[in-house]
Structures are given as C-alpha cells and as structure tokens.
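Note: hydrogens, waters and symmetry copies are ignored here, and every other heavy atom, side chains too, is used. Every chain is numbered from 1 and lettered A, B, ... according to where its sequence line falls, protein lines coming before strand lines. Just so it is clear, the structure is predicted and the values come from calculations on it, not from any experiment.
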Amino acid sequence: MLKFKELSKPTQLCVLWIGLMLFLAVFGSFLPFEHWTFVYEDDLGVTPFSPGHILGTDNNGYDLLTSAIAGTRMSIFIAITAVGLGGLIGSALGITAAFVRGKVDLVLSTAFNVGLAIPNLVLALALVSVLASNVDMTVVVPIWRRVMVLIISLTIVLIPILGRIARGATLTWSGREFVTAARSMGMRDSQIIKKHIVPNVLPALIAVAFLAIGVVIIAEASLSLLGVGIPDGGSWGGMIARGRNDLEYSPHVLYIPVIFLAITVVSTNQIGEVLRNKLDGREAKV
Amino acid sequence: MSSLLSVKNMTVNFDTPRGSLEAVRNVDIEIPAGTSVGIVGESGSGKTVMCRAAMGLLQGSTVSRTGTVVFDGHELTAMTKEQVRELFGSGMAMIFQDPLTALNPVRRIGVQLSEGLRIRLGMSKSDAMARSKELLELVRIPNAAAVLKSFPYQLSGGMRQRVMIAIAIACNPKLLFADEPTTALDVTVQAQILQLLRELREDLKMSMVLVTHDLGVVAGNTDYVAVMYAGEVVEYAPTAKLFADMRMPYTEALLNSIPRVDHKPGTALTVIAGRLPDPTNRPSGCGFAPRCKYVQEKCHKEHPNLKTDPDGHVYRCWFPIGEAL
Amino acid sequence: MAGSGTAHMRNTVDSVLTVRDLTVEFRVAKDKIVKAVSGLSFDVVRGETLAIVGESGCGKTTLARAVLQLPPPNAGEVVLNGTDLTLLPKENLRSARTSMQMIFQDPISSLDPRMTVHQLIDEPLEIWDRGNRAERDERINKLLQSVGLEPELVLNRRSYEFSGGQCQRISIARALALDPRMLICDEPVSALDVSIQAQILNLLLHMKETFGLTMVFISHDLAVVKAISTRVMVMYLGKICEVAPPDVLYAKPAHHYTRALLNSVPIPDPTKQIRTELLQGEPPSPMNPPSGCRFRTRCVGASALCAEQEPQLREVSPGQFVACHHPIV
Amino acid sequence: MQKLSFWLQRVSQLLVVLLLVTFGVSLLIRIIPVDLATIVMPVADETQRAAFRASIGLDKGPIGYYLQWLGNFVHGDLGNIYYSGGTETVSGHLIKAMPRSLLLMSYTQIFALGVAIPLGVLSAYRAGRRADRVISNTLFIFSSIPGFAIGLILIIIVGTKFEWLPTLGYATFSEGIWEHFKHMIMPVLSLSLGLIAQYTRLLRADMIASLREDYVTMAMSKGLSDRRILWRHVFRPSSVTLFTSAALSMGGLIGGAIVIESIFATYGVGFEIFAAIGGRQYIMLQSCVAVIALFYVFFNLVVDIGSGFVDPRTRDRRANA
C-alpha cells in the first residue's frame, strides 16, 4: 500500500491535517478547555491571536477554538457515519446489480436514477425537513434526533451516487478473463464476488469515499446554513450560519469555520485523488 | 547510392518515475533513396520510438533526443519544429499499427483526408475532396464516394488501413514510415495491404521504412533489414544477404524461434531463454549476452561496437556467427 | 465450407469431447442476430491436439467458451467424458468443468491482479478442498516448477510484476492444478513476443506429455498451429471448412479458403516468396451470412451450386475432410 | 427506423424515472408526522379539514392522491400555497422565480465553460509544466471551498468592505441591464468557481488521454500546426465528458442555488423550495421537485442528443441498440 514517506509534501500535510481532525473529533472533549458553550462575557468579538483566545471569540462571547473543536467532532462524525453507511449500502446494491444483471440490474439502476434525478441538496433538505418535523412546530427537535436525521438523509443521498460507481466498477471487473477462469474452475458466484469482485472494486470505492466525505461535509454545512442542520454553532456549518450574522464587524467568526472546513475538504479530496491516481497507475499496468 | 534519410548516433531518453529509460541508444541508420528498409524487433526493442524520434514526432517534457537526423539534405535536428513540419506530408509521412486509433474517431474520412491537401498543398475545398476520392480509388477502396462521408469506426480494419495509407501518400511523400502496418490485421488482409504498399512504392517512387516484429513480412517486402534489440541496431544488411548469412546470434535465434508453415509439422522450435533487459537498467555488456548460446566471458563485460564487413554487412557482436573463435 | 456435416466424426470410445450441432447466436439488436457458430460438430480423441484455426470473427473463441458453457450454447450437445454438459444442473456443471480447463489469450487479464501467485494457484485447490495446507503447498510448488518458475521467487508476487510470458506460465500452472483431462487454449501465444511464443508453445507440448492431456488449441496463426497439432480444423464464419492432419492439410489443402490462408502467411525466407492470387475483400458480416457455402463470395472456385446448396463435409483423402462442392484435387 | 426506437426507449426510461420521482415525493406527505390539513388550516374544524383533504385527493390513498396531483400537474395546476389569510398558486410563484433561476444558472454555465475550456486546453497542452501546475493547484483549492463560503467571503470583501456591488436582491432587465448584472456577478461567481475547477479537470484529463492517441501523431505527421491539432482534432473527441457533466450539473446547480439564492436573496426556485420546506408547504415542495425532475429529464435528453452530435460513434451504437 501507500507509504507516508513516499507521498508528496502537500499530501503529507493533508494526511496530518486529517489525523489532527480525527484526533480532535475523538479526544477534543478531553482537552483542558472550557465547554464550548461557555460564554466569556468580557471578551465579546475578540479578534484571533489574542491572548487567551487564539482564534478569538464571537460577539456572543463564545471562544472560537473550543467551538471549532466541538464543530469538528460533529461534522467529522456525521460525514464518516453517512459515508460509511451510504458506501456500504450503495456498494452492496451496485455490485449486486452489475453482477446479477438482468431484471435486478434494471430495478436497481432505475432506483439509482430516481435518486440522482433530485439534486442532492434538495433531496437532503426535503428528507431532513420531513423526518425532523414535530407535530407541534413550537417544540424544539432535540439535537440527537437532528443528527440522526441528518445522517440518515445524507446516507440516502449518497446511496445512488456510490451505488452507481460500484456498479460501473463491477461491470468492468466482471468482464475480465480471470472471472471466466474462476467460473471454469468451478467457483460459485458468491465466492467470485467475495474473492475477485469486491477486493478489486473496493480500492476505487475507498478513493471515492474520500471525495464523498468532502461532499457530505459541505452538504451538512449548507443544511446548517439554511437552518435545518445542526443549530447554534454545534458544527462547522452551524458556526458559519452564526458567523453570517456579523459579517461586517467580526468577519473572523465566519473565516474560522470556513478555513477548518475548506482545509478538511481539500485534504480529503487530495487523499482521494492520490489514492485514485495510485490505483489508475496500477490499472494501467494490468 | 545516396541516403534519403540518415540517422547518426541517435539516443532517445524518457524520464519515467522509475528513472531514465533509454528507449533508443546510439542508433545509426541509413535509408538509401528508392529502397524499402525493414526494422525488425520484439516489443520494447525501440523500433517504434526510433521512427517517431527520427521524424521528430515525440513530444512532451519527458522526452529527450540527441544525435543528428538528416533527411533529403535537411538536418532535422538543427531545424525548428515549424521548419520540420514543412517537410511532413510531401517529404515524410507515417502510417500506424492500429488504424482505429490512428484515425480521428469523430471526423469524417473525407475531412481527414483532404485536410493535408488543403493545408500542405493549398488546394481548394472542392479540389481537395475530388483528389481525396482519387486517392481512395488509388488504394483500391470500392465505393470511394461513400467512404469519404463515413467515420472510421464504420469501416473494417483493412479498409481503415487503406484510408490511412491514402492519407499518408496524399502529398506524394518521398519516404513513408510504416509502423507495424499489418499487425492488427488478419493474414489474408495483411497480404492485401502488403501488396498494395509494394505497388504504391513502385508507382510513386517512394522509399519506405517498414517497422515490424515479423521476419516473414520483412523477407518479402524490403531491400534492407535492420534488426533492433534493447534499443540498439544489432544487425543491418541487404535483406537477401541477412537471411542467407546471419552474423548476429540474436537474429539467428529469433528466426529459429518462429513457427513456420514451410517447415515440417512437429519441427521443434528453438527457444530463446530469458527476456529483454530492463530498459531503465541496461547491463554494461552486450544486452543479449544472458540469452545468447554463443556467449563468452567478454560479452558480459564489454559492450560490443558496431562492426562492418567489407560487403557492408553491419553487426554488433564480439563473436559473430561464421567467425572462428 | 464452409459447411456442415459429421463425416469427420470418429465416434470412438476414446473421445474425450464430442460436440454435435453446436449453435451460438447473440442478439446485438432487436432484429440483428450474430450467427457466431452454426451447427458445428467435432470430436477430440484422447491424447490428441485439435487445432481450430480461423481469422477474427470466425467464431473460434465463441466456440471454445460455448464448450465450457460460458455461456451455454443456444443448441447442440457438448459431451465430455460421456456426460452432456448442456443438460447438467448448475451444481453438477460446476464440478464437471474441472476436468476441462482453459488458457486465455490475454495472460494479464486472466489473473486477478490483487492475488499473489500462491493464492492464484491455490484457488482451484481451495474450491475443491484438495488436501490440507501442507499438501496443497507442495502441489503448488510442484506445479510452478513444472512450468519453469522458481516457487521461492514468485510465490508472493502479483501478476503485474510479471511479463506476459511468465503470466501465461502461471495460468498454465493454475489450469493444471485440478488435474484436468482436457485443456482448451484460446490463442495462448498471440499476445506474446516471438521469442516468448516458442517458450510457451514448447511448454504446452511438454505439459501435454507429462500430464497426459488432450488439447484444443485455438489460433489465428497457421504456423503456430502446425508446430503443435495432431489434427487441424479450419473455420470460416461459424462453419467448418476443412479438417485434416497437419501434414496433409499444409501439403495439399483441399479447401480454397485453407489454401488462400496458407498462401497469405509470410515466410521468413526471401528465396521462398510465393506471389499467388490473393483472397479479395473481407469476410461478410456474421449477421447476414451468404446462402449455401458461406465462403462462396470470396472463393475463386465458386459456382452457382455453391449459392444454392450448403456443402457437407466429406472425406477427400484418408483423414482429410472438406466441406466444398469443388475441392482442390 | 432503429433510431426512432432508441429514442422511444430512452424517453420512456426517463418518463419512468420522472413518474417514480414524483410519486416518491408525493409519499412525503404521508410520512410527515403532521396532518397537512392541520398545518394548512390550524383553526378550522374537522369538516372543513375533511373537505380540504378531499379537494386535493388526500382521502384517496397514496395512489389516488398521486394520480389526482399528476392530472392537475399535467394540466398546469401545480396546487396552492396556503398561509393564514389566503392562498396563492404554486405556478404563480414559480413563474416569477423561474426566470431568475434560469438566468442565474445560464450565466453560471456560460461563465464556467468560458473559463474552463481555455484553461483545460492550455493545461493539457502544457501538462506537467508550470502553467499547468499553477492552474491545477489553484483550481484544486477552489474546488474544495463550498460555493456559499465563496459567496459569504465575496459579500464581506466586495460587498461590505469596498461596497462595489449590491449584496442582496435581484434586478430585472427593466430596472437596467447593468443593474441586473451587478446583482448577478457575485452569485454567479459563487456558483461557478467550483464548476470551473471541475470542468477544467475533466477536460484536461480527457485532452491528455486524447493527446496520447495515435491519431494526434498522425495529425502531426500530416504537418498540421499544434493549434489546429489541439482545437480541431483533440478538443472535440475530448469534450464529451465535459458537456455531459455540464448538462447534468444543471440539477446540482439548483441545489447549490438554494443556498446561494438565500444568501443573496435572489428569490429564485431554490429559494422557493427552501421557503416551502421552512413553511411546511409540502404541495409546493412536491410540485417544485417535479419541475426540477422535468429539468433533469430534459437535460438528460440534451446530453443524449449532444453526445451523438459530438461523437458519431454513440449515434451509431444507438441505431443498433
């Protein structure tokens, strides 16, 4: 597989950044900071690099560093869970469709097309709003339910996207002669899928999954910005939504989550790209 | 005899992630005017790269070429890209192995064929089209008018190869590089295309460089043969002489390893053991030494120089066949 | 030809494989059907090497796959060791296939790039549970040695680290792992360089003797076939033209197509250049083959009869069968 | 007439997708834990609510409801928007919102393609050299910054700090062409930077693949100039993926436009969808999604026709399909 030392400098930085994000996501709450909802009443709208507040505070007195760490946790958690679930379900469906062909393929491909006919964000927005609505509009939907709904919605959005990619990859690989060879040796179809199709399709899917993480992070942020995602600065999107209210006087409240988000997306994209090129290089030899 | 094309000491390097790849090294070759010269070699021997480099068709930041190439009195290696381009079409032309990839998939045959005529010869659109039709008839394509309007994928492999030949000879080139022109074709179609090339060469007084891996194709279609191995020309002689009196052990081994229809069934094939040397890490001695049955101590250590017999037979071997040790 | 008939069938108890009236057709569009193989019969006797020769599009690869039931043919029977494969239920077919293994044209595509050589050759043994780990490992080593590869050097490497010739050796080792009685080689050397071709051909001959194999060898190259076959079958557009032992077929071909094919092969000897009349044009489309003899449109000896009536295979000299109304005598 | 049968097949495939999408969306009303009639008429009594349900077919079960909605939709009746104090038609809203969104999307596409095509061709031609590296790296970063972030940053810098451009609203042509474009510049930039990166990368990759083909060497050996080879021989066969992705990204643009339209208060279709969801106007939502799916079908057909135009091979494959 890939060795860290063989990667280019920028890619190494990307891997390190993702490592840092994962660290913050897992251990962020154990760091010796005040809880992110703590209000520094004397430090409203402090600019970054001030003593005590490296990333500054917003106009409500929330420290942006601890907010960003909490946001990291939420955004990364949602992204990884949604991509994991969507990837699993999508690739299972896609591989089945391409390997079995015939009617199964027709039904699943049509289902993918139905999913793809609705723009991602519209679909996610509709799902979130339906699933997260209460009988009484005045009752606030609890945060855990919002998170669940977000994850489910984003998973549903991802299934047709990743499913179609898995289907395409499976079609290519199942046309290879080693699959015919395996059949002629008397291998069962289920074994062929397990031993020849999945291991070959998987690396491409992993590469795409990295790109999908970026897509999900942006989608979550967009939903939060529209007010249906994570409220009150609980994720990067939520922070951006809050920062939007004070563009004129405290633009850093916006810049900080945007920078976190952008670097993370650049990093996952770069890693996905490197993985894909690496695989293409292998493919070219095959 | 004067040389139409003369390549002197040409080396072509590719920068690859695995290091510098010397695809062609120190190649000297002369193409006498009015002749057909075969270049034979297995894949990776550098024969295709040699031809493209001679014409100056290799591009990109990773390629470097040294040496001199003189074509028809012009020193190509000292000219700008634009100046060399002036010689294409009417001076040199090229046909390729796979006519499906060598014809633009999205443009009609007529457009691709007349393009050269309009740009190189300044013909009007209608004149160029009329001439294109004549050219298709010249390469014996039935129903030329319909073919002009077709796309490459609509034609069979043999027809596509004829179209490519028509494009190449459109401006009456003096020298035609034919890079494995029949490898992708069936034997019966191959025979047709080779016959067509022979006839066109005679009619148009054209010289030809015929690149192939098939000694059989060379035997019936060339006046001279250059054998390439691991980026070098290892033997060069008039065709009849080469087959009658081989000096280079590689050529002999190659010939003996070919299954032949004119031999008795069940005749055992002589095997050349091993494989081509790694082009990014060439051995210091003779490249063929590890596979050669006549190998001596010296072959592994010192790289053999080109030797020329008094009759012009050139070879690169310390211990050529027919010479007492 | 390109005709039908069964005169060349030997029907002996020694037949390893008997194929009767095999037909394979693909639907490529609503009303376009490619007639890849049409009512073709042949048998392969124990220990022989049947070569099937023809140009691209003649249906030879389709034929090989139909014999292995990958996919099954539209009609006809394929009798392997007395069992008709076309009638077998899926599970039985799975085990029946193991006595007939295949070598493919593209040596690289026929090996899974993610598996080590050890895993590749172990795979058939594992599927059929042949012996314990140690026994299987020993078998793998033996197989590798028999195809001329050093087990210690290759076992843990993957296919993309090898050249085409070496991949083909690995494929051969894998095909032999289950002790098949029959080997079907589909253009096993046409993707290889000349110097490597000879290595693989010699290896196949050697393996045939060592393992007591019966072989079907498919190729477009008459010269390659000549070196290794005991019987040659020439195909054109999904039908048989001629069946004969190689010494007869190459010396005096009876079918006009066989002769044209032979005369087209370039001979690597400047003193032996024959310039006979070439076969004109290209094969017609298998979607709409000519009536009667399928070769008649390009045949120099064609008559009105050839358009009306399909020639049947008949014996013109001992062991030489030809499907032609006007064979060359 | 193979060709006709291909198109019939293709159109029917897309129609199936269209029907399934709209049916799926119509099921949303069933999933919501709230009764639509209660949302629409919070103060009415049960008989009034039942009458409302009957009027839009909610009492007929999922399929009956869908068929009634579909019948109305085909006749141009997209339903109503209900709010305290009255109703408005969905079509009325969409007629106002649609041109804004269409203009925004068209400008975005034209700008994105206009920038991406020369950049893509240049970086493929100079692949691996400095110009290519600069272009690729810059665009790579742009592709990772979400459009709304670019929009917000533009608002901070261009709108608030320097006050060069208006940050909110939309101007019709009748309010002045310059005024119209002034309101469009920032939304278009926000939407198009990501697209430019995506398009350039696609075109570059395909051009580089085409440049390795023998037909390029063939064109060189005919003595054609580099410029002619690039544009006449390489660009066209390499552009299929680019134009396909451009046409199909129209759908994604509507999604992106929801956020951008809400940031810049453009009040296009995206904003209407957002408003429908926020205001629980599920009938509005259903009809909006149906309209978008129509667009999807339309652009899929555009891709089919267009790719046959660019690459004759697809045309013939179809004739045989």
Side-chain angles (χ1 to χ4, degrees), chain B residues 15 48 51-52 55-62 81-108 111-121 149-154 160 163-164 167-168 170-171 173 176-177 179-180 184, chain D residues 2 122-134 136 204 206-244 306-320:
Chain B
D15 273 338
T48 294
C51 286
R52 295 193 182 190
M55 250 181 109
L57 290 176
L58 293 173
Q59 280 204 322
S61 49
T62 57
K81 218 169 127 185
E82 285 69 27
Q83 289 169 323
V84 176
R85 194 183 287 145
E86 293 295 313
L87 293 170
F88 290 168
S90 48
M92 298 178 279
M94 187 173 240
I95 58 176
F96 299 82
Q97 172 172 347
D98 186 351
L100 187 58
T101 60
L103 294 173
N104 195 321
V106 305
R107 311 184 77 208
R108 288 177 202 278
V111 178
Q112 300 193 45
L113 186 46
S114 58
E115 184 175 51
L117 295 168
R118 294 178 61 193
I119 289 182
R120 300 244 56 90
L121 304 182
K149 293 199 182 73
S150 331
F151 290 100
Y153 71 95
Q154 292 166 323
R160 284 198 285 262
V163 167
M164 197 144 71
I167 294 177
C171 305
L176 177 69
F177 287 92
D179 186 359
E180 302 253 11
Chain D
Q2 305 273 1
L122 176 67
S123 60
Y125 181 58
R126 310 287 301 171
R129 297 177 203 227
R130 224 176 95 160
D132 173 44
R133 285 205 304 274
V134 170
S136 298
R204 175 182 179 273
D206 283 358
M207 291 272 296
I208 286 176
S210 298
L211 279 168
R212 286 202 200 105
E213 296 274 354
D214 272 348
Y215 65 76
V216 175
T217 319
M218 177 91 195
M220 282 162 66
S221 78
K222 276 195 249 176
L224 307 183
S225 66
D226 285 0
R227 176 184 290 264
R228 193 179 168 94
I229 292 174
L230 269 183
W231 289 102
R232 294 282 182 91
H233 282 264
V234 185
F235 177 67
R236 200 167 123 193
S238 311
S239 60
V240 179
T241 328
L242 173 68
F243 287 116
T244 305
S307 59
F309 203 66
V310 178
D311 190 339
R313 284 167 297 181
T314 32
R315 230 180 314 176
D316 240 52
R317 222 173 289 137
R318 267 174 213 159
N320 285 317

* **Residue selection (most heavy-atom pairs with chain B, distance under 4.5 Å) from D:Arg129, D:His233, D:Arg232** => D:His233
* So do B:Arg120 and D:Lys222 actually touch side chain to side chain, heavy atoms under 4.5 Å? -> no
* Pick one of side chain, backbone, both or neither for D:Ser210, based on which atoms fall under 4.5 Å of a heavy atom in chain B. => neither
Only distances under 3.5 Å count here; give the side-chain donor-acceptor pairs of residues 88-102 of chain B to other protein atoms, sequence neighbours excluded, each with its distance to 0.1 Å.
residue	atom	partner	partner atom	Å
B:Asp98	OD1	B:Leu100	N	3.0
B:Thr101	OG1	B:Asp98	O	3.1

* Engaged part of B:Leu103 at the chain D interface, taking heavy atoms whose separation is under 4.5 Å -> backbone
* To do: May I ask you to test the D:Arg236-B:Asn104 pair for a side-chain heavy-atom distance under 4.5 Å?
  => no
* Asked: Contact part of B:Gln112 toward chain D, heavy-atom cut-off under 4.5 Å: side chain, backbone, both or neither?
  -> both
* Asked: Nearest 0.5 Å, what's the CZ-CG distance between B:Arg118 and D:Leu224?
  -> 11.5 Å
* Tell me, out of B:Gln154, B:Met164, B:Arg52, who's got the most heavy-atom pairs with chain D below 4.5 Å. => B:Arg52
* Structure fact -> For residues 212-220 of chain D against chain B, heavy atoms under 4.5 Å, the residues are D:Glu213, D:Asp214, D:Tyr215, D:Thr217, D:Met218, D:Met220
* Asked: At their closest point, which heavy atom of B:Pro105 faces which heavy atom of D:Pro312, and how far apart are they?
  -> O-CG, 3.7 Å
